[in-house]
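The block underneath contains the structure these notes are about, expressed in structure tokens.
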Amino acid sequence: MSPDRILLARIGAPHGVRGEVRLFVFAGDPAALQDYEPLTDEAGTRVFRIKTLRPAKDHFVARLEGVDTREAAEALTNAGLYVTRDLLPEPDEEDDFYHADLIGLAALTGDGAPFGKVVAVHDFGAGDILEISPEAGGKTLMLPFTKAVVPSVDLKAGRLTVDPGEWAREEAPPPEADRG
């Protein structure tokens, strides 16, 4: 995916039989989703326009222009809705970041030693997690994106500082007797 394309929502399963879709919105202000144009697929080739958007229990229900049947809605299941980065406002707070702005940053330790590179940002429900590919290679590390573990982010310089502490520790495999 191009770093200048930001995922704002993902289309879920159809809602009803008239072409409405479940929509899972990742934007801070879901209602603002209708203000962003153009909304496109990941490649930027297909354009989507939201005709209506209403909240539901744990998602939104949307009617997309040109999607009038359940079959058309089914064909869009799991499609993402993207905008170009330049259409988004700058974050309000100094410590707020778009995930896309963090991906690709160099991770350095507090003394300036290379630690790795941010390859993804995840949110499994308990806060953001940075996935970092270690400088020395090997499997990626998951670090919580908190002030304690990531004390500074410098987007202009393309780096962030990490204090991985216990988060970067390799866990020893359990003794043979403990293996099930």
Side-chain angles (χ1 to χ4, degrees), residues 1-105 107 117-133 139-150 153 155 160 162 167:
M1 184 185 83
S2 170
D4 70 327
R5 305 202 56 71
I6 309 293
L7 177 67
L8 289 186
R10 183 153 314 276
I11 298 172
H15 180 83
V17 295
R18 293 194 174 93
E20 288 184 313
V21 295
R22 289 175 174 87
L23 195 61
F24 298 92
V25 181
F26 310 124
D29 177 10
L33 190 62
Q34 291 180 274
D35 299 333
Y36 293 114
E37 287 190 9
L39 288 170
T40 66
D41 62 4
E42 185 173 357
T45 54
R46 182 168 180 188
V47 175
F48 298 95
R49 288 190 175 74
I50 298 174
K51 290 169 61 172
T52 63
L53 181 69
R54 67 180 190 274
K57 185 175 180 179
D58 61 350
H59 59 277
F60 288 80
V61 175
R63 179 169 299 282
L64 303 174
E65 198 172 280
V67 179
D68 300 318
T69 66
R70 182 175 181 84
E71 293 74 25
E74 281 175 347
L76 296 175
T77 300
N78 292 323
L81 300 181
Y82 294 80
V83 295
T84 56
R85 172 65 177 88
D86 63 335
L87 290 178
L88 298 175
E90 289 305 312
D92 293 333
E93 303 284 325
E94 181 180 319
D95 288 337
D96 284 346
F97 305 97
Y98 290 112
H99 288 182
D101 291 343
L102 297 171
I103 296 170
L105 293 182
K117 179 179 175 182
V118 178
V119 294
V121 182
H122 305 282
D123 184 350
F124 301 113
D128 290 331
I129 306 271
L130 297 181
E131 183 175 356
I132 297 181
S133 175
K139 68 179 184 175
T140 60
L141 302 169
M142 302 289 211
L143 300 179
F145 188 47
T146 62
K147 267 291 197 197
V149 178
V150 185
V153 176
L155 293 178
L160 50 79
V162 296
W167 297 100

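Since this is a predicted model, take the numbers as computed values, not measurements.
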Problem set entry | Test side chain to side chain contact (heavy atoms under 4.5 Å, CB included) applied to R49 - qualifying residues, sequence neighbours left out | E37, V47, E65

Exercise. Atom CG in L76, atom CZ in F48: separation rounded to 0.5 Å?
Worked result: 5.0 Å

Exercise. What is the minimum heavy-atom distance between D101 and R85, and which atoms define it?
Worked result: OD2-NH2, 2.9 Å

Seminar exercise, completed: Those residues at least two apart in sequence (or on a different chain) that pass ring pair (Phe, Tyr, Trp, His ring centres under 6.0 Å) with H59 are F24

Problem set entry | Shortest non-hydrogen separation from P14 to E74 and the atoms involved | CG-CG, 3.2 Å

For this session: Specify the closest pair of heavy atoms between V21 and A73, including all atoms of both residues, with the distance to one decimal.
Result: CG1-CB, 3.6 Å

Exercise. Can you list the residues that meet the side chain to side chain contact (heavy atoms under 4.5 Å, CB included) rule with A79, with sequence neighbours excluded?
Worked result: I11

Exercise. Can you name the side-chain hydrogen bond (donor to acceptor under 3.5 Å, both in side chains) partners of D68, sequence neighbours left out?
Worked result: none

Exercise. So, do H99 and L7 sit near enough that their side-chain heavy atoms are less than 4.5 Å apart?
Worked result: no

Exercise. Atom CG in L33, atom CG in L39: separation rounded to 0.5 Å?
Worked result: 5.5 Å

For this session: Could you list the residues that satisfy salt bridge (Lys or Arg N to Asp or Glu O under 4.0 Å) with R10, not counting sequence neighbours?
Result: none

Exercise. Can you list the residues that meet the side chain to side chain contact (heavy atoms under 4.5 Å, CB included) rule with H15, with sequence neighbours excluded?
Worked result: E20, R22, R54, V61

For this session: Report the distance from atom CD1 of I132 to atom CE of M142, rounding to the nearest 0.5 Å.
Result: 10.5 Å

For this session: Hey, could you give me the CG/NZ distance between L64 and K51, rounded to the nearest 0.5 Å?
Result: 9.5 Å

For this session: List for me each residue that meets side chain to side chain contact (heavy atoms under 4.5 Å, CB included) alongside A72, sequence neighbours excluded, and say none if there are none.
Result: V67, T69

Problem set entry | All side-chain hydrogen bond (donor to acceptor under 3.5 Å, both in side chains) counterparts of D86, not counting sequence neighbours | T84

Seminar exercise, completed: Those residues at least two apart in sequence (or on a different chain) that pass side-chain hydrogen bond (donor to acceptor under 3.5 Å, both in side chains) with T77 are none

Problem set entry | Residues forming a side-chain hydrogen bond (donor to acceptor under 3.5 Å, both in side chains) with T140, sequence neighbours excluded | E131

Exercise. Going from CG on L130 to CG on L160, what distance comes out if it is rounded to the nearest 0.5 angstrom?
Worked result: 6.5 Å

Problem set entry | Close side-chain approach of L81 to L23, heavy-atom, < 4.5 Å | yes

Seminar exercise, completed: Paired with F145, the side-chain contact (heavy atoms from CB on, under 4.5 Å) test is passed by just one of V118, V121, V153, I129, namely V153

For this session: Check V162 against A107 and note the closest heavy-atom contact, atom names and distance.
Result: CG1-CB, 4.2 Å

